[in-house]
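Reading through the structure tokens given below for one structure.
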Amino acid sequence: MKRGQLGVTVIGMVFFGIVAALLIVLVAKVVPTVTEYLAIQQAVNRAAQSGTTVAEIRNAFERAKTADYFDAVSGKDLEISKDGDRIVVEFAYDKEIHLFGPAYLLLKYRGRNS
């Protein structure tokens with residue numbers, strides 16, 4: 001009995017290559033926004049620990065913002081409240097990533113101090 005050859009066709013390889021390239025481009029566009037989110041999260045944690053008043057926390061966050069080079073959130077965008085004796089600092093922002101033509105990827109980032 002003859003068996004047919006097994007393997008991937010050229011069309012299959014091209015299709016796989018296109019899908020892989022699109023995923024790589026998507027990851028390359030998303031990773032900087034995740035890095036920025038992590039920097040903002042660290043700045044919020046440091047600011048919440050370093051200040052006791054709203055003004056002190058906002059100023060500490062602005063100093064961290066200057067040092068860490070992010071601009072998605074500023075000190076005035078922080079929501080600062082108290083939960084018992086604990087100061088809670090929250091932030092939220094959206095990031096739009098242009099994919100192609102009229103298509104965008106919307107990422108909604110939310111966080112609070114730990």
Side-chain angles (χ1 to χ4, degrees):
M1 261 194 229
K2 271 187 158 181
R3 289 182 69 182
Q5 289 184 347
L6 299 175
V8 180
T9 65
V10 172
I11 295 172
M13 286 189 337
V14 168
F15 178 75
F16 178 76
I18 290 171
V19 170
L22 289 174
L23 287 175
I24 289 170
V25 168
L26 182 64
V27 167
K29 289 185 175 192
V30 170
V31 166
T33 67
V34 172
T35 304
E36 181 181 47
Y37 168 77
L38 294 174
I40 292 169
Q41 183 68 52
Q42 288 177 351
V44 164
N45 288 337
R46 286 192 306 258
Q49 292 174 354
S50 68
T52 56
T53 66
V54 172
E56 288 175 355
I57 292 171
R58 289 186 199 278
N59 289 335
F61 182 81
E62 286 297 328
R63 285 191 304 273
K65 175 183 170 185
T66 303
D68 291 339
Y69 304 110
F70 59 82
D71 60 354
V73 177
S74 68
K76 65 182 177 189
D77 297 328
L78 299 176
E79 294 180 22
I80 303 169
S81 61
K82 248 186 158 176
D83 184 20
D85 291 339
R86 185 171 176 260
I87 296 174
V88 178
V89 181
E90 297 177 312
F91 65 94
Y93 67 99
D94 298 338
K95 253 331 187 189
E96 282 186 356
I97 298 173
H98 181 254
L99 298 176
F100 57 88
Y104 286 84
L105 175 64
L106 177 64
L107 301 171
K108 293 180 175 267
Y109 289 109
R110 309 273 183 264
R112 65 186 300 181
N113 64 315
S114 52

Val34 meets the side chain to side chain contact (heavy atoms under 4.5 Å, CB included) criterion, sequence neighbours left out, with Val30, Leu38, Tyr109
Exercise. For atom CD1 of Ile11, decide whether the heavy atoms of other residues, nucleotides or ligands shown that lie under 6.0 angstrom number more than 12.
Key: no
Those residues at least two apart in sequence (or on a different chain) that pass side chain to side chain contact (heavy atoms under 4.5 Å, CB included) with Ala103 are Leu99, Phe100
The remaining residues in the hydrophobic cluster of Met13, counting side-chain heavy-atom contacts under 4.5 Å among Ile, Leu, Val, Met, Phe, Trp and Tyr, are Val8
Output for pair (Lys108 NZ, Glu96 CD), nearest 0.5 Å, gives 9.5 Å
Thr66 meets the side chain to side chain contact (heavy atoms under 4.5 Å, CB included) criterion, sequence neighbours left out, with none
Here the side chain to side chain donor-acceptor pair (under 3.5 Å) pairs for residues 76-92, sequence neighbours left out, are Ser74-Asp77
Residues passing the side chain to side chain contact (heavy atoms under 4.5 Å, CB included) test with Val14, sequence neighbours excluded, are Val10, Ile18
With sequence neighbours left out, the residues meeting ring-ring contact (aromatic ring centres under 6.0 Å, His included) with Tyr104 are His98
Interatomic distance, CG@Asp94 vs OG1@Thr33, rounded to 0.5 Å, equals 11.5 Å
(message) For residues Leu78 and Val54: do they belong to one hydrophobic cluster (side chain heavy atoms under 4.5 Å, members Ile, Leu, Val, Met, Phe, Trp, Tyr)?
(response) yes
The reported gap from CD1 in Ile87 to OG1 in Thr52 (rounded to nearest 0.5 angstrom) is 6.0 Å
Contacts satisfying salt bridge (charged side-chain N to carboxylate O under 4.0 Å, His left out) that involve residues 24-42 (not counting sequence neighbours) are Glu36-Lys95
Residue pairs passing the salt bridge (charged side-chain N to carboxylate O under 4.0 Å, His left out) test with at least one member in residues 55-75, sequence neighbours excluded, are Arg46-Asp68
Closest non-hydrogen contact found for Tyr93 with Val73 is CD2-CG2, 3.4 Å
Looking only at heavy atoms, the pair that brings Val89 and Ala48 closest together is CG2-CB, 3.7 Å
Using a 4.5 Å side-chain heavy-atom cut-off and chaining through intermediate ILVMFWY residues, the residues clustered with Phe16 come out as none
Between Ala43 and Phe61, the two heavy atoms sitting closest are CB-CE1, 3.8 Å
For residues 7-21, the salt bridge (charged side-chain N to carboxylate O under 4.0 Å, His left out) pairs (sequence neighbours left out) are none
Rounded to the nearest 0.5 Å, the CD atom of Gln42 sits from the CG atom of Asn113 at a distance of 13.5 Å
Taken in chain and number order and not counting sequence neighbours, the residues that satisfy ring-ring contact (aromatic ring centres under 6.0 Å, His included) with Phe91 are Tyr37
Is there a path of hydrophobic side-chain contacts, each under 4.5 Å between heavy atoms of I/L/V/M/F/W/Y residues, joining Phe15 to Leu23? yes
Let me check something: do Leu26 and Leu22 share a hydrophobic cluster, defined by ILVMFWY side-chain heavy atoms less than 4.5 Å apart, either directly or through other members?
no
